[in-house]
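Sequential numbering from 1 along the given sequence is applied to the chain's residues.
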Amino acid sequence: MRFELRDGVLHTDGAPGLLATADYPYYRDRPTVWRDRLETLRDATGIRVVSSYIPWRHHQPDPDAPPDFTGATRPDRDVVGYLRICAELGLSVIAKPGPFIHAETNYGGLPDWICPLRNPEVEPQLDADGETVRWIGSVPGPDGEIERWPLPAPLGAHFAARTAEWLRAVNKEVLESNTTPDGPVVLVQIANEGLFTDGSLPLWAYDYSAPGLDFFRSGLRRHYGSLDAYNSLHGTTHTDWAQIEPPRERHSGGPLDVRRQLGYADWGRNQSDALAEAYHTWSEALAPEVPVVVNLNPPAEHPYSLDSWLARVRPERWNGIAYGFTNWMGVVSTDHDSHARYVVGAKRAPGPNLEENWGFSELYDRAYAAGATSFHQSLLALAAGATGINVYTGVATSGWGDDLDAKHTPPYPDCPPVGADGVAIGKAGTVRMLADFFDAHGAEFLAATPATGASWGLYAPYAAIAAWTGDAAEGRASAPDSADALPGCGRPLREFHERMRSQGQDYRIVDLESATAERLADHPHLVLHGGAFMHAQVQRLLADHLRAGHRVDLLGPVPQLDEQLTRCTVLAEALAAQPVADAPEPPMAEVRSGSADAYWRALAPRTGYLTVLVQSDNDGPVEVAIGAGPDSRGIQVVIDSARGGAAVLRIVDGVLDDFLLTGGNSFLGSSVTPSVSVDGGAVSGTHGQDLARIGGELRTLVP
């Protein structure tokens with residue numbers, strides 16, 4: 001079989017499908033139970049694709065010995081044998097060799113010997129204050145807690161060389177003989193949530209190490225061409241590129257000269273370039289024969305995190321490396337902030353969710369003891385734009401030693417679909433319903449067009465500046481048309497998100513620097529925040545968009561300069577000539593009653609998929625109107641679901657077809673008689689049990 005990722009969608013022999021996966025950390029279990037656990041996972045959940053990290057520290061604890069992938073030094077290192085079992089059971093595999101994996105392992109899965117404390121040739125990663133960036137190591141300190149060790153500078157020469165050796169060994173010894181069509185490996189994931197689970201950290205968190213600054217300065221040289229050009233734009237008199245320093249302090253408020261704004265934009269571009277550089281370097285060293293994907297953690301909860309994330313995460317620059325994302329940010333059915341940040345993560349680019357928490361309640365939040373919590377989040381990811389779902393982890397494990405994880409005690413995790421005894425629990429049935437529903441309808445679901453209104457136009461330099469300027473970054477520090485007007489990005493995007501969702505509207509995000517006129521035409525109504533300057537090419541693109549009869553709503557200052565800080569009013573003139581805005585678009589899927597969120601994906605005017613996400617504070621039925629307007633009442637939908645639950649409905653010509661619906665949430669103590677009505681045609685189930693119809697067959701499940 002031939003596997004491709006096209007626009008974030010997995011195609012198998014040319015046919016698109018929704019990617020449903022479950023993770024199994026073989027390295028935490030005894031090899032004697034691998035086959036049994038995989039077989040139970042397959043049969044109980046219906047999942048046919050397994051993801052597994054390949055921890056560097058587990059397979060190569062000795063820097064002077066080659067990695068062990070066959071169990072020669074210890075049976076639980078026989079990843080080749082593990083993959084053979086997967087193939088024999090008909091399971092495909094996403095291999096994840098890091099080099100950093102997190103996964104609650106010592107030092108994030110890096111071997112101790114690559115730590116700067118153990119190896120002086122490895123340069124440490126530094127933050128803006130010159131402090132080492134640290135991660136939990138592998139030995140306890142005097143207080144009994146695991147020490148925090150400095151992380152390597154990712155672009156440091158020695159670390160890069162040893163990382164390349166590791167990845168080349170993985171390819172030669174593990175992947176070459178186990179890649180489709182002759183083996184089970186169909187995708188490879190590199191890195192973890194950025195590089196070192198740092199994708200959502202502020203822009204000043206890293207990397208100010210010597211190799212990091214060398215890369216920054218070489219990037220400036222490529223971007224500006226000459227030192228004279230750099231000095232002219234930045235108002236400096238440097239005589240050597242090495243004299244240029246990156247920003248290190250946040251702007252505290254008040255006007256900010258546009259030349260200093262350029263400096264912040266330079267560092268944001270460097271962060272995205274450094275991420276892409278590491279991705280490409282590691283991918284080239286691995287050189288797999290299957291697509292490469294990464295998993296980004298969504299923006300964090302801090303005010304500056306959304307801007308930092310938007311500046312750093314630029315999938316359009318990855319040249320063939322596919323976007324994927326994780327959760328690990330809060331219970332979205334309870335925490336509205338987590339919900340919004342999760343939606344932005346799913347919308348940034350098409351790609352699968354590669355880690356959804358289905359097993360950790362003690363380590364993260366007790367709400368995950370109930371399958372309804374993860375079911376809700378998986379459906380939200382798909383509704384918001386994800387092309388796949390993941391169960392992390394599918395199986396509880398209990399066979400690791402302190403050399404792999406000295407902090408946590410078995411089982412790992414505590415409440416997944418398959419327990420440490422190998423017995424499937426209620427969550428397995430919930431996953432089975434998801435897997436079966438999207439096995440039947442996943443390709444059609446992805447082919448359906450999300451019903452969206454306006455799109456957010458992302459101009460990443462503004463995000464890079466706003467991350468450093470904080471509350472000042474809404475143009476309030478100076479007149480909107482002044483030369484030092486501050487741009488905004490993350491905060492106005494969040495406000496746009498809230499406004500759209502409150503109006504029953506969905507939206508998309510489009511990157512303006514990489515967009516073409518043809519692609520932008522698919523976004524007839526754009527909303528974005530302005531600033532003092534904007535690339536001339538982007539200004540022309542937006543001006544042409546307006547002249548083509550489309551709509552652009554620019555919030556805040558209107559750019560008067562281009563990227564060379566020369567006067568450029570192309571966009572300002574086009575905006576001035578724009579006619580009065582039309583009336584707002586009608587709601588696509590409007591929640592008429594109940595505390596819930598709803599998304600509609602259309603195949604035809606009265607055919608498509610409705611996803612309803614019921615919040616934890618909901619009480620009573622949820623009523624949703626699809627496509628209602630002045631001349632139409634649309635499709636009227638009423639569901640009764642447990643609090644914190646969710647539903648996905650396939651509607652054909654206005655008639656309910658297959659569906660999934662939550663009837664119980666054990667964590668919240670919520671039980672209802674699940675029911676769904678579409679234009680009066682109703683189906684109900686048994687009190688406290690989940691309800692589904694797949695292939696026309698009704699199913700119930702005690703969650």
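Looking at residues two or more places apart in sequence or on another chain, you find a salt bridge (charged side-chain N to carboxylate O under 4.0 Å, His left out) between Glu165 and Arg162. For the salt bridge (charged side-chain N to carboxylate O under 4.0 Å, His left out) test, no residue two or more places apart in sequence or in another chain qualifies with Arg77. In terms of the salt bridge (charged side-chain N to carboxylate O under 4.0 Å, His left out) criterion, residue partners of Asp337 (sequence neighbours excluded) are, by chain and number, Arg341, Arg494. For Tyr208, the ring-ring contact (aromatic ring centres under 6.0 Å, His included) criterion is met by Trp267, not counting sequence neighbours. For Asp273, the salt bridge (charged side-chain N to carboxylate O under 4.0 Å, His left out) criterion is met by Arg317, not counting sequence neighbours.
Side-chain contact between Thr373 and Gln377 is present, with heavy atoms from C-beta onward closer than 4.5 Å. Side-chain contact check for Arg432 versus Pro417: every heavy-atom pair is 4.5 Å or farther apart. Side chains of Tyr342 and Val332 form a contact here, defined as non-hydrogen atoms less than 4.5 Å apart. Counting heavy atoms from C-beta on, the side chains of Tyr53 and Gln189 come closer than 4.5 Å. Side-chain contact check for Leu10 versus Thr387: every heavy-atom pair is 4.5 Å or farther apart. Side-chain contact between Leu379 and Leu434: present, with at least one pair of heavy atoms (C-beta onward) separated by less than 4.5 Å. The side-chain heavy atoms of Pro246 and Leu213, taken from C-beta on, include a pair separated by under 4.5 Å. Side-chain contact check for Asp78 versus Phe69: every heavy-atom pair is 4.5 Å or farther apart.
A distance-only check finds a donor-acceptor pair linking the side chain of Tyr206 to the backbone of Asp198 [under 3.5 Å]. Checked by atom type and distance alone, the side chain of Thr45 pairs as donor or acceptor with a backbone atom of Leu41 at under 3.5 Å. With hydrogens and angles disregarded, a donor-acceptor distance shorter than 3.5 Å links the side chain of His11 to the backbone of Val9. A donor-acceptor pair under 3.5 Å is formed between the side chain of Asn357 and the backbone N or O of Gly359. Between the side chain of Arg148 and the main chain of Arg134, a donor-acceptor pair closer than 3.5 Å is present. With hydrogens and angles ignored, the 3.5 Å screen pairs a side-chain donor or acceptor of Arg312 with a backbone N or O of Gly199. With hydrogens and angles disregarded, no donor-acceptor distance shorter than 3.5 Å links the side chain of Thr12 to the backbone of Ala15. Checking side-chain atoms of Arg42 against main-chain N and O of Leu89 turns up a donor-acceptor pair under 3.5 Å. Checked by atom type and distance alone, the side chain of Asp421 pairs as donor or acceptor with a backbone atom of Val423 at under 3.5 Å. Side-chain atoms of Asn171 never come within 3.5 Å of backbone atoms of Leu175 as a donor-acceptor pair (strictly under, hydrogens ignored).
Under the 6.0 Å cut-off for aromatic ring centres, Tyr107 and Trp135 do not qualify, their centroids lying 6.0 Å or more apart. Aromatic rings of Phe375 and Trp358 (six-membered ring for Trp) have centroids beyond the 6.0 Å cut-off, not under it. Taking the six-membered ring for Trp and the full ring otherwise, the centers of Trp328 and Phe360 sit less than 6.0 Å from each other.
For the residue pair Glu356/Asn327, the side-chain donor-acceptor check at 3.5 Å is satisfied. In summary, the side chains of Glu362 and Tyr368 do not present any donor paired with an acceptor at a separation below 3.5 Å, with no hydrogens or angles considered. With hydrogens and angles left out, the side-chain atoms of Gln60 and Trp166 include no donor and acceptor closer than 3.5 Å. Side-chain contact, Asp29 with Tyr24: a donor N or O sits under 3.5 Å from an acceptor N or O. Side-chain N/O atoms of Thr197 and Asn192 include a donor and acceptor closer than 3.5 Å. Asn297 and Thr326 form no side-chain donor-acceptor contact under 3.5 Å, judged by distance and modelled atom types alone. Residues Ser361 and Asp414 have side chains that bring a donor and an acceptor to within less than 3.5 angstrom of each other. In summary, the side chains of Glu147 and Trp149 do present a donor paired with an acceptor at a separation below 3.5 Å, with no hydrogens or angles considered.
The number of heavy-atom neighbours closer than 6.0 Å to CZ of Arg30, taken from other residues, nucleotides and ligands shown, is 12 or below. No more than 12 heavy-atom neighbours from other residues, nucleotides or ligands sit within 6.0 angstrom of CZ on Arg2.
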(request) Go through the steps for Trp400 and Thr105 under the test side-chain contact (heavy atoms from CB on, under 4.5 Å), then give the verdict. (result) CA-CA 10 Å; Trp400 71 91; Thr105 55; over 6 Å; no
(message) Is there a side-chain contact (heavy atoms from CB on, under 4.5 Å) between Thr163 and Trp56? Walk through the geometry before answering.
(response) CA-CA 9 Å; Thr163 297; Trp56 189 0; 3.8 Å; yes
(request) Output, in order, the C-alpha distance, side-chain angles, deciding distance and verdict of side-chain contact (heavy atoms from CB on, under 4.5 Å) for Asp36 and Thr40. (result) CA-CA 6 Å; Asp36 173 76; Thr40 301; 4.1 Å; yes
(request) Carefully, step by step, assess Asp43 and Glu39 under the rule side-chain contact (heavy atoms from CB on, under 4.5 Å). (result) CA-CA 6 Å; Asp43 295 344; Glu39 194 168 16; 3.8 Å; yes
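In this structure, Leu195 and Ala278 approach most closely via the heavy-atom pair CD2-CB, 3.5 Å. In terms of heavy atoms, Ser338 sits closest to Gly330 at OG-CA, 3.6 Å.
Among the candidates Asp76, Asp405, Thr393, the single residue satisfying the side chain to side chain donor-acceptor pair (under 3.5 Å) test with Arg28 is Asp405. Checked options Asn295, Val293, Val313; the residue passing with Tyr323 is Val313 (criterion: side-chain contact (heavy atoms from CB on, under 4.5 Å)). Of the residues listed (Asn178, Val50, Ile54), the one engaging Tyr82 in a side-chain contact (heavy atoms from CB on, under 4.5 Å) is Val50, and it is the only one.
Relative to the six-membered ring of Trp113, Arg118 misses at least one condition, a distance below 6.0 Å or an angle of at most 45° to the axis.
Below 30°, between 30° and 60°, or above 60°: for His59 and Tyr26 the angle between ring planes is between 30° and 60°, a tilted geometry.
Ion pair Arg348/Glu316 flagged as a salt bridge, since at least one NZ, NE, NH1 or NH2 atom sits closer than 4.0 Å to an Asp/Glu carboxylate oxygen.
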For residues 94-102, which side-chain N or O atoms pair as donor and acceptor with protein atoms under 3.5 Å away, sequence neighbours left out?
from	atom 1	to	atom 2	distance (Å)
Lys96	NZ	Asp23	OD2	2.9
His102	ND1	Glu104	N	3.2

